[in-house]
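Structure first, commentary second.
Just follow the structure's listing: the first ligand is 1, and inside any ligand the first atom is 1. Small disclaimer: the values here were computed from a predicted structure and weren't measured. The chain is numbered in sequence order, starting from 1.
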Amino acid sequence: MDCLFCKIVAGEIPASKVYEDEQILAFLDISQATPGHTLVIPKEHYRNIFDLDPQVAQALFGQVPGLARRLKQALGAEGINVINNSEEVAGQTVFHTHIHLLPRFGQEDGLDIRFQTQEPDFEHLAQLAQKIRETTEEV
Ligand code: AMP
Ligand code: ZN
């Protein structure tokens with residue numbers, strides 16, 4: 001398969017690795033949106049969060065807190081953003097599941113992730129929650 005991250009796993013393309021075990025690999029993102037910007041991936045190929053095997057997800061997400069603490073300590077970060085982009089509409093450009101770890105160093109560290117706040121519409125929220133609860137997960 002012509003997949004960039006599978007090639008990194010196979011050692012065909014170089015990467016600055018920060019963690020590796022049987023199932024998981026973490027390496028520095030070439031774009032370094034903030035210093036220490038790291039990608040955590042399963043070694044097995046899954047397109048994104050929608051087709052990720054639950055056991056693999058457990059192994060993948062299970063590494064996130066430890067890696068976050070390690071980045072915080074190693075780089076003196078104050079905080080971290082943990083992001084997964086799934087599908088093009090969400091900004092996914094490499095179609096091999098990955099989690100972005102973005103260490104944060106202050107308001108001027110080059111990253112601005114803020115959610116728009118608006119007046120809560122509780123009736124709408126209740127309807128939406130019901131719709132989601134009643135939807136059978138497709139697997
Ligand atoms: P996304 O847009 O969520 O799919 O993220 C893909 C990320 O992969 C981007 O942040 C890229 O900078 C990063 N990337 C692309 N090629 C490489 C590479 N060879 N090594 C490390 N990171 C890469
Ligand atoms: Zn792949």
Side-chain angles (χ1 to χ4, degrees):
M1 190 189 296
D2 195 23
C3 169
L4 188 64
F5 290 175
C6 281
K7 285 180 182 160
I8 287 178
V9 170
E12 293 165 17
I13 288 177
S16 302
K17 297 179 183 179
V18 298
Y19 175 81
E20 184 168 16
D21 64 30
E22 234 173 71
Q23 282 184 284
I24 305 302
L25 179 64
F27 53 94
L28 296 181
D29 189 305
I30 43 165
S31 76
Q32 291 294 284
T34 63
H37 181 183
T38 297
L39 300 174
V40 196
I41 70 168
K43 288 185 170 176
E44 213 175 320
H45 182 91
Y46 293 92
R47 178 179 170 87
N48 57 38
I49 204 83
F50 295 117
D51 70 349
L52 190 57
D53 174 88
Q55 268 73 47
V56 177
Q58 207 172 340
L60 180 66
F61 287 95
Q63 291 304 330
V64 169
L67 282 166
R69 282 191 289 270
R70 215 187 278 201
L71 287 168
K72 185 170 185 277
Q73 194 183 348
L75 306 173
E78 290 171 36
I80 195 161
N81 288 107
V82 178
I83 295 175
N84 167 259
N85 299 329
S86 286
E87 294 301 337
E88 215 171 316
V89 71
Q92 186 174 11
T93 59
V94 177
F95 291 89
H96 178 131
T97 304
H98 53 279
I99 299 171
H100 293 262
L101 305 182
L102 293 143
R104 301 304 304 268
F105 300 88
Q107 292 307 315
E108 305 302 319
D109 63 7
L111 198 65
D112 190 4
I113 301 172
R114 268 180 287 194
F115 299 113
Q116 252 183 348
T117 52
Q118 47 194 319
E119 278 301 304
D121 177 346
F122 293 109
E123 177 70 19
H124 176 65
L125 292 177
Q127 284 170 5
L128 204 55
Q130 188 181 5
K131 187 177 177 184
I132 296 165
R133 279 198 305 273
E134 289 172 353
T135 301
T136 312
E137 185 196 353
E138 281 179 39
V139 285

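Rounded to 10 degrees, the SG-metal-ND1 angle spanning C3 and H45 at the Zn ion (ligand 2) equals 110°.
Between I13 and ligand 1, a contact under 3.5 Å exists for no N or O pair. Where the criterion is an N or O separation shorter than 3.5 Å, residue side chain and backbone included, T93 meets it with respect to ligand 1. In terms of polar-atom proximity, I8 is not counted as a contact of ligand 1, lacking any N or O under 3.5 Å from an N or O of the ligand.
The name of the N, O or S atom in H96 nearest to the Zn ion (ligand 2) is ND1.
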**Report entry** Test log, rule side chain to side chain contact (heavy atoms under 4.5 Å, CB included), inputs V94 and L39
**Finding:** CA-CA 11 Å; V94 177; L39 300 174; over 6 Å; no
Requested in this report: Might you work through the side chain to side chain contact (heavy atoms under 4.5 Å, CB included) test for V40 and Y19, ending with a clear yes or no?
Outcome: CA-CA 9 Å; V40 196; Y19 175 81; over 6 Å; no
Query raised in the report: Please walk me through it: do H100 and H98 pass ring-ring contact (aromatic ring centres under 6.0 Å, His included)?
Result: CA-CA 7 Å; H100 293 262; H98 53 279; 5.1 Å; yes
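The proximity of F95 to ligand 1, defined as any non-hydrogen pair under 4.0 Å, does not occur for either the backbone or the side chain. Contacts of L39 with ligand 1, taken as heavy-atom pairs under 4.0 Å, involve the side chain alone. At a 4.0 Å heavy-atom cut-off, ligand 1 touches N85 through the side chain alone.
Hydrophobic clustering (ILVMFWY, side-chain heavy atoms < 4.5 Å, transitive): F5 and L25 are in one cluster. With hydrophobic clusters built from ILVMFWY side chains whose heavy atoms lie under 4.5 angstrom apart, V18 does not share a cluster with F27. Cluster annotation: I83 is not connected to L67 through the hydrophobic network of ILVMFWY side chains, with a link wherever side-chain heavy atoms come within less than 4.5 Å. Under the 4.5 Å side-chain heavy-atom criterion for grouping Ile, Leu, Val, Met, Phe, Trp and Tyr, V56 is connected to F61 within one hydrophobic cluster.
Heavy-atom proximity to S31, at under 4.0 Å, picks out these atoms of ligand 1: 10 (O), 12 (O). In the vicinity of F5, heavy-atom distances shorter than 4.0 Å reach the ligand 1 atoms 8 (O).
Summary of contacts: the protein heavy atom closest to atom 1 (P) of ligand 1 is H98 NE2, 3.1 Å. The protein atom (non-hydrogen) at minimum distance from atom 22 (N) of ligand 1 is I30 N, 3.3 Å.
Atom 3 (O) of ligand 1 has its nearest heavy-atom neighbour, among H100, H96, Q92, in H100. With D29, T38, L4 as candidates, the residue nearest to atom 10 (O) of ligand 1 on a non-hydrogen basis is D29.
Remark: E20 CD is packed, more than 12 non-hydrogen atoms of other residues, nucleotides or ligands lying under 6.0 Å away.
Ion pairing between R47 and E87 holds under the 4.0 Å rule for side-chain N and carboxylate O.
Contact of the L60 side chain with the Y46 side chain is not registered, since no non-hydrogen atoms from C-beta on lie closer than 4.5 Å.
The shortest separation from a heavy atom of L28 to ligand 1 is under 4.0 Å, placing the residue in contact. Taking a 4.0 Å cut-off on heavy atoms, A15 fails to register as neighbouring ligand 1.
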